[in-house]
Structure formats: C-alpha cells, structure tokens
2 protein chains.
Amino acid sequence: MREGPDIARIAALVADPARSSMLLALMDGRALTATELSGLAGVTKQTASGHLAKLVDGEVLAVEAQGRHRYFRLAGAHVAALIEALMVFSSDAAPPVRTGPKEPALRKARVCYDHLAGEMGVALYDRARVAGWLTDDLSVTEAGWSRFSAIGVSPESLPRSNRPQCRACLDWSQRRHHLAGLIGKATLDRLFALSWARRLPASRVVAFTPEGERRFREWIG
Amino acid sequence: MREGPDIARIAALVADPARSSMLLALMDGRALTATELSGLAGVTKQTASGHLAKLVDGEVLAVEAQGRHRYFRLAGAHVAALIEALMVFSSDAAPPVRTGPKEPALRKARVCYDHLAGEMGVALYDRARVAGWLTDDLSVTEAGWSRFSAIGVSPESLPRSNRPQCRACLDWSQRRHHLAGLIGKATLDRLFALSWARRLPASRVVAFTPEGERRFREWIG
DNA sequence: ACGATGGTTCGGCTATCATCGAACCATGAG
DNA sequence: CTCATGGTTCGATGATAGCCGAACCATCGT
C-alpha cells in the first residue's frame, strides 16, 4: 500500500457539486461573498458557509474580511490550473459570469478613500505585480521606484507615517485588488496634478481626459 | 445556479483514497492488472474491481484485456496532467518528510506519463519558450524544429494523432511547466535512444549519465 | 439604542458509497 | 475434464458527509 501525496484530500474538496460550482464562479480571479456563492451554488447560507470553511481550511480558497462581508477568492494560480485540468474532461465551455453592472463611469474609475479604484486602478495594480514593480510582500522594487518617479512619486515625496507604504485593497466592482496605501494616494494625487484626470463634483467618479487615459496606459505599459 | 462543466464528477473519481492510490501507481504510464492494483491500494479484489469499473466508465482509465488478465492504464496525458496538478498542493504541505535518496532524484528528473518532468523537464520547457522554439500558443517554430531535429525529433517522425503536438504540463515539484504532448514524448524517447539517460526500474526516476546531462544542457543551450 | 443584514454554529435527518463475505463466470494449465 | 486463478456481481453493513431549520454572533445604518 504505497503512501503517495494526499491527492484524494484535495480532490474531495472539488468533488462536491456545490463546492465545484463555487470554484468555477471564482475562476476569473474575482473575489465573491459567501452569500453570492451560496446563491450560485444553489444551497442555503449555512451550507455554503460549511463548504467555504472546508475550502479555506484546505487552502484552496483564500478569504479576506472587509466590514461584515467576507470575500473569497482562489488561493493561487495553481488552483486555477487544477480546475482547468478538470475542465479538459468535459468539452463544454464555461458560461460567462455576470457581475452587477452599476454605473459605468463608477466601474471604470473612482476614488476609494484616497486612492484609485475601478478598472483603471485594478489595471495599475495588475501591471505593477506582473512587471515586478512590487514584490510578493508588496514592497516597491528598484524598477518600481524608477517607474513611479516618472510621474513624480518618489520615496522622498511620501509623507512619513505609520500607514503602510503600499497596500492592496479589494475592489467592489471588479472584485480584484487595486493599489492602496501611501503610494496609492500619492499616485492618485499626481493624476490630478498632471491633469490626466479630475474628480466629478459630488461623486466618487474619477473622469480621465482622453489624453490623460492614453498617457496613463502608456505609463503603466 | 450555474451549470458549468461537470468537474465534480471527475474530481469525485479521484477523491477516494483507494482510487487515488491506483492512479498514482499508474503515473509512469505502465499498465497494471486489477489484482496488482488492489494490492497497491490496500483493498480486496472485489472492491478494486468496483473502483476500476468506475474509473473506466469515467474515461479516466483505459482497459485492455489480454487472456484472463485485464490491464489498466491512464486514459491519456490529460489524466497525468490532472494528477500532477493535484500533487502541487501536497508538495509544500509536508516539509518534514523523510527525504530518502530517491526524493532528490525524483525532483531532478522523472517520467510524467510519457514525457520528461522535474528540473530537467522544466529547464527544457523554459529554454524552449525563451529561445523562441515555441510560440505563445505552443506551436513549434522554424528555429524550434531545427533544434529538435538535432536530436532526431522532426515533424515527420511524430505519429499522426489527434493528441496535441505540444502541450505544457504543470510540474508538482517545480510548480512550473514542463514539455508534454507528442513532442514531449518523442524527446524523452530520444533521450533513452541516445543513452543520455535511462529509467530506473520500479520507479519514475530518469537517471541521466554525466555525459548525457552535459550533452542535454549543451543541446538546450 | 435598535433593527436589518451577512455569516456561523448546532442538531438531526437522510442518502450516498466504500467495504467485504460469498457466490458466480471465464480463462488457462495439467 | 478438472482444478486453480483472475475477475465480477450481489447483498448487507457501517461510516461519512451534505443538507436544512433554528438559533446565535457581528457589523452597519439610522
């Protein structure tokens, strides 16, 4: 009786219909709440809660608490790889997921506390991670600083504070992370100073000018 | 309640300890009999028979009758890819594991279904991507073919099959991709034919000769 | 302070399924 | 033909685990 790696344990976590529905819903990298996932899986909140606890315990999902919500997302790319390996067996393609589309302008770019959120904010964060401006523990690299200083954000320009220099904040419309912390605030400030964007009055919308959006996308590469 | 691909059904087949033991035993691509598998899984013949019937019905295993024996093997490379994707989870789960002398050898080079895995397999895949032997969508370039034909792998030498010519398979020890598909198999075959390496009996280890390893590294550049 | 909402815990019900003993088919050897 | 061996089918059993109702805890908005 050979003692191999315990693949049965992980497989069992995926083997339940309710849990597999949840995992499929999270395949795009967004983070969803427990109630949303319970609805998608077709079970009650209590049942979903149990399932999610198992998945988190098995390190298949990661959880992030924000207020009274708990956002669940895949624990990493290796989980997505596993799900894809399973999908190979059934030729059907996964149906698209729908997120509640709210006001388009808000979805695209808005202020979250003091930093940039929405599609543009997520794009910035994604790019920063992929291009190596930030490390896994969210400290800014050499390459990152040279990129940020191109728009006037440098270590010296940041106020001294015990607030974290760089933080990842969960985006409610995108359900993914965007750039927060001191550097997130400084970046948004510079976007306004450079007139790439401005705040619409009495609203959280950040309105990019056409030229500003072009430059912003050019800047993040 | 979304109706996606039925990944739970396949996962459930792997989720049983007896069945997962059998699948692990078949990871080297060999075919084993029902009785052999029952012993490896630690269950009686009757129980094993039931498990094997389920796995064949789910097209996870293929069966071939020869005389009064029935030989079972993995249904294809996609099954091996699935098992490896599951092993990724266990690799970091048990750090204080007794590392027999076989463990480092397994990490360095081993058979995954019918192609090369481990450090050497990952090195080959990495090099192939960086040096432009493969495109992003994993088709072989002109430069790639000229490089592969240096060890005797050419388009004409590959069997005609609907199996993908080139595929990327996730490596559980390295957490990165290695080269799979028809070209992955052909390459491993050539390594043996050239006596650069040989298979250790009763194990998935691929043992390179010193000379073979030197030539292999020279070949990939 | 109070209600509404998101989420978890607990207890009991139920269905599924792995397991094995025993009996049963099929093939090959002598 | 006869026996031994590989493999399957059947039925009973026991454990696991999903499910939901109800009650409970925590947070937010007013």
Side-chain angles (χ1 to χ4, degrees), chain A residues 1-2 6-26 30-58 60-73 99-100 112-113 169-170 172 175 204, chain B residues 1 6-26 30-58 60-73:
Chain A
M1 173 147 50
R2 61 164 50 219
D6 195 6
I7 64 173
R9 188 171 161 278
I10 298 295
L13 288 175
V14 189
D16 179 80
R19 286 195 294 262
S20 70
S21 294
M22 296 175 178
L23 291 173
L24 286 171
L26 295 169
R30 290 175 314 163
L32 300 178
T33 68
T35 312
E36 286 170 328
L37 288 167
S38 77
L40 288 167
V43 294
T44 60
K45 288 184 305 182
Q46 314 91 285
T47 305
S49 178
H51 285 311
L52 290 168
K54 283 192 173 72
L55 290 170
V56 170
D57 183 63
V60 174
L61 292 186
V63 64
E64 194 169 346
Q66 217 164 73
R68 59 180 165 181
H69 295 271
R70 298 187 73 198
Y71 287 93
F72 296 87
R73 59 184 159 77
T99 319
C112 170
Y113 186 49
C169 179
L170 197 58
W172 63 256
R175 301 301 171 85
R204 295 170 58 195
Chain B
M1 177 153 41
D6 196 5
I7 64 174
R9 190 172 159 277
I10 299 296
L13 288 175
V14 189
D16 179 78
R19 286 195 293 263
S20 69
S21 294
M22 297 176 179
L23 292 173
L24 286 171
L26 295 168
R30 286 179 313 169
L32 300 178
T33 68
T35 312
E36 286 170 328
L37 288 168
S38 76
L40 288 167
V43 294
T44 59
K45 290 184 304 182
Q46 314 91 287
T47 306
S49 178
H51 285 313
L52 291 168
K54 282 191 174 73
L55 289 170
V56 170
D57 184 63
V60 173
L61 293 186
V63 62
E64 194 170 345
Q66 233 170 63
R68 58 178 167 181
H69 295 273
R70 299 186 71 197
Y71 286 94
F72 295 86
R73 57 183 160 78

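Chain A is the first sequence line, chain B the second, and so forth, proteins listed ahead of strands; every chain is numbered from 1.
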Between atom [atom1] in [X] and atom [atom2] in [N], what is the gap in whole Å?
{"X": "B:Leu37", "N": "C:dA18", "atom1": "CG", "atom2": "C1'", "result": "17 Å"}
{"X": "A:Asp16", "N": "D:dT16", "atom1": "CG", "atom2": "P", "result": "17 Å"}
{"X": "A:Leu55", "N": "C:dT8", "atom1": "CG", "atom2": "P", "result": "12 Å"}
{"X": "B:Arg9", "N": "C:dT16", "atom1": "CZ", "atom2": "P", "result": "16 Å"}
{"X": "A:Lys54", "N": "D:dC19", "atom1": "NZ", "atom2": "C1'", "result": "11 Å"}

Per [X] side chain, nearest of listed nucleotides [options]:
{"X": "A:Val43", "options": "D:dC19, C:dA22, C:dA18", "result": "D:dC19"}
{"X": "B:Thr33", "options": "D:dC19, C:dA18, D:dG7", "result": "D:dG7"}
{"X": "A:Arg68", "options": "C:dA4, C:dG7, D:dG18", "result": "C:dA4"}
{"X": "A:Ala34", "options": "C:dT8, C:dA18, D:dC19", "result": "C:dT8"}

Counting just side-chain N and O atoms, does [X] come under 4.0 Å of either OP1 or OP2 of [N]?
{"X": "A:Lys45", "N": "D:dG21", "result": "no"}
{"X": "A:Thr47", "N": "D:dC19", "result": "no"}
{"X": "A:His69", "N": "C:dT5", "result": "no"}
{"X": "B:Thr44", "N": "C:dT19", "result": "no"}
{"X": "B:Thr35", "N": "D:dG7", "result": "yes"}
{"X": "A:Arg70", "N": "C:dT8", "result": "yes"}
{"X": "A:His51", "N": "D:dC19", "result": "yes"}

Measure the shortest side-chain to side-chain distance between [X] and [Y] over non-hydrogen atoms and say whether it is less than 4.5 angstrom.
{"X": "A:Leu13", "Y": "A:Lys54", "result": "yes"}
{"X": "B:Leu32", "Y": "B:Tyr71", "result": "no"}
{"X": "B:Leu52", "Y": "B:Val63", "result": "no"}

Indicate, yes or no, whether a donor-acceptor pair under 3.5 Å links the base of C:dG21 to the side chain of B:Gln46.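 In this structure, the two groups form a donor-acceptor pair.
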For A:Pro17, does its backbone N or O pair with a side-chain atom of A:Ser21 as donor and acceptor, under 3.5 Å?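 Yes; at least one donor-acceptor contact below 3.5 Å.
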Comparing B:Pro17 and A:Ala53 on DNA chain C - which has the more 5′ nearest nucleotide: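 The residue whose closest nucleotide sits nearer the 5' end is A:Ala53.
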Let me confirm one number: the CG-CG distance from B:Leu61 to B:Leu37, rounded to the nearest 0.5 Å.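 Reported value, rounded in 0.5 Å steps: 8.0 Å.
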